[in-house]
Amino acid sequence: MKSKFLTLVIILGGHVTVAQTLSAEERNFAVEMLESSSRKFLDNLQDVNGDQWSFKPDSGAWSVGEIAEHITLSESLLYSIVQKTLLTPANEEKAKSLEGREKQLLVTVMDRSSKAQAPEVLRPSGKFASKRELIDAFKRARGQTLAYARTSKDSLKSHVAQHPVFGELTAYQWLIFIAGHAARHIAQLEEVKSNVNFPKI
């Protein structure tokens, strides 16, 4: 009898774990989005020179360097939110109602027709001494995010935290948001580079 009970506990426990962790499809989607935005960001910075780095289309706009700094600063902060979300009590009912919204979240985040103010901590202030230093910092931070996305067995779909603009998100959706946020600002960066007055190489 005891043996049967232990077997049942193991089976049920395994079932719960499978339900809470990411499916192969979900994991692959997160990794693909993170890898894609990382490549696009770094490709956009590769040939940018000093004049191009600091060029602003107008006095109220961010330069390529400032946008790049915002993306880089955001990476570690957003990753920490994923981790903090996992420390909150699981909310299976709420998480279930949010399930499957990841692709729509990306569409909404990347829609730049609605503007959002960056919090003070993520506003560019010239923190990095050079483009090389910024790129190295981004690679370290994104490397951490990608390693986690590839290997995590955490219950990312069971914990929920509020985003000030996009509402309640599961920890998994916060992970997807990291890629979407970067993609949103990469588009902003590309707009600056396409400006008619952008310095030529």
Side-chain angles (χ1 to χ4, degrees), residues 14-46 67-88 90-92 94-112 116 118 122 128 131-163 165-190:
H15 175 73
V16 169
T17 302
V18 170
Q20 290 176 337
T21 56
L22 301 182
S23 68
E25 182 180 1
E26 289 166 333
R27 188 181 303 279
N28 289 341
F29 179 68
V31 170
E32 183 182 335
M33 292 299 100
L34 288 164
E35 288 180 336
S36 174
S37 61
S38 180
R39 281 193 303 271
K40 195 168 186 181
F41 178 54
L42 295 172
D43 285 350
N44 263 289
L45 299 185
Q46 186 174 3
I67 297 166
E69 181 178 349
H70 174 70
I71 291 171
T72 301
L73 293 176
S74 298
E75 186 75 20
S76 295
L77 178 68
L78 292 173
Y79 177 78
S80 74
I81 292 175
V82 173
Q83 300 305 311
K84 288 174 184 175
T85 301
L86 290 169
L87 298 178
T88 65
N91 188 337
E92 301 290 353
K94 175 60 70 176
K96 189 71 178 174
S97 72
L98 298 171
E99 195 174 303
R101 297 186 181 182
E102 291 76 30
K103 291 181 181 178
Q104 183 55 49
L105 173 64
L106 281 175
V107 171
T108 305
V109 172
M110 292 169 65
D111 178 10
R112 298 191 59 248
L122 296 180
F128 301 101
K131 184 178 83 168
R132 181 74 264 164
E133 184 180 311
L134 181 148
I135 287 173
D136 289 344
F138 173 79
K139 285 181 175 178
R140 284 193 300 272
R142 178 55 63 91
Q144 178 185 46
T145 307
L146 268 167
Y148 181 77
R150 291 183 181 121
T151 62
S152 174
K153 299 295 190 295
D154 291 337
S155 305
L156 287 160
K157 297 187 290 178
S158 301
H159 301 264
V160 177
Q162 184 80 19
H163 187 283
V165 176
F166 302 105
E168 291 178 311
L169 305 176
T170 65
Y172 174 58
Q173 288 163 349
W174 273 102
L175 194 61
I176 298 298
F177 177 78
I178 294 175
H181 175 268
R184 175 188 178 94
H185 289 288
I186 292 166
Q188 180 186 7
L189 188 155
E190 289 175 337

Pair Arg101-Thr170, side-chain donor/acceptor within less than 3.5 Å: no
Set of ring pair (Phe, Tyr, Trp, His ring centres under 6.0 Å) partners for Phe29, sequence neighbours left out: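 Per chain and number, Phe29 pairs via ring pair (Phe, Tyr, Trp, His ring centres under 6.0 Å) with no residue.
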Salt-bridge criterion met for Asp136 and Arg140 (N-O under 4.0 Å):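 Arg140 and Asp136: not salt-bridged.
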From [X] [atom1] over to [Y] [atom2], what is the distance, rounded to the nearest 0.5 angstrom?
{"X": "Leu22", "Y": "Leu175", "atom1": "CG", "atom2": "CG", "value": "7.5 Å"}
{"X": "Phe138", "Y": "Glu69", "atom1": "CZ", "atom2": "CD", "value": "14.0 Å"}
{"X": "Ile71", "Y": "His181", "atom1": "CD1", "atom2": "NE2", "value": "7.5 Å"}
{"X": "Leu105", "Y": "Tyr172", "atom1": "CG", "atom2": "OH", "value": "10.5 Å"}
{"X": "Ile176", "Y": "Met33", "atom1": "CD1", "atom2": "CE", "value": "7.5 Å"}
{"X": "Thr85", "Y": "Asn91", "atom1": "OG1", "atom2": "CG", "value": "12.0 Å"}

Do [X] and [Y] have side-chain heavy atoms sitting under 4.5 Å apart?
{"X": "Leu77", "Y": "Ser80", "answer": "yes"}
{"X": "Ile178", "Y": "Val82", "answer": "yes"}
{"X": "Leu98", "Y": "Leu169", "answer": "no"}
{"X": "Lys157", "Y": "Glu26", "answer": "yes"}
{"X": "Lys40", "Y": "Asp43", "answer": "no"}
{"X": "Ile81", "Y": "Leu78", "answer": "yes"}

Shortest non-hydrogen contact from Leu146 toward Val31: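 Closest heavy-atom pair between Leu146 and Val31: CD2-O, 3.9 Å.
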Heavy-atom pair of closest approach, residues Ala68 and Leu134: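 Closest pair (atom of Ala68, atom of Leu134, distance): C-CD1, 3.7 Å.
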Within 6.0 Å of CD in Gln162, more than 12 heavy atoms from elsewhere: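 For Gln162, atom CD is crowded (more than 12 foreign heavy atoms under 6.0 Å).
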Heavy atoms of other groups near Lys131 NZ, more than 12 under 6.0 Å: yes
Parallel, tilted or perpendicular: ring planes of Tyr148 versus Tyr79, cut at 30 and 60 degrees: perpendicular
Looking only at atom types and distance, does a side-chain atom of [X] sit under 3.5 Å from a main-chain N or O of [Y], one as donor and one as acceptor?
{"X": "Arg27", "Y": "Ser152", "result": "yes"}
{"X": "Ser36", "Y": "Glu32", "result": "no"}
{"X": "His159", "Y": "Thr88", "result": "yes"}

Residues Thr108, Gln104; criterion side chain to side chain contact (heavy atoms under 4.5 Å, CB included); working and verdict: CA-CA 6 Å; Thr108 305; Gln104 183 55 49; 3.3 Å; yes
Residue of the set His163, Glu102, Glu168 for which side-chain hydrogen bond (donor to acceptor under 3.5 Å, both in side chains) holds with Gln173: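 That would be Glu102.
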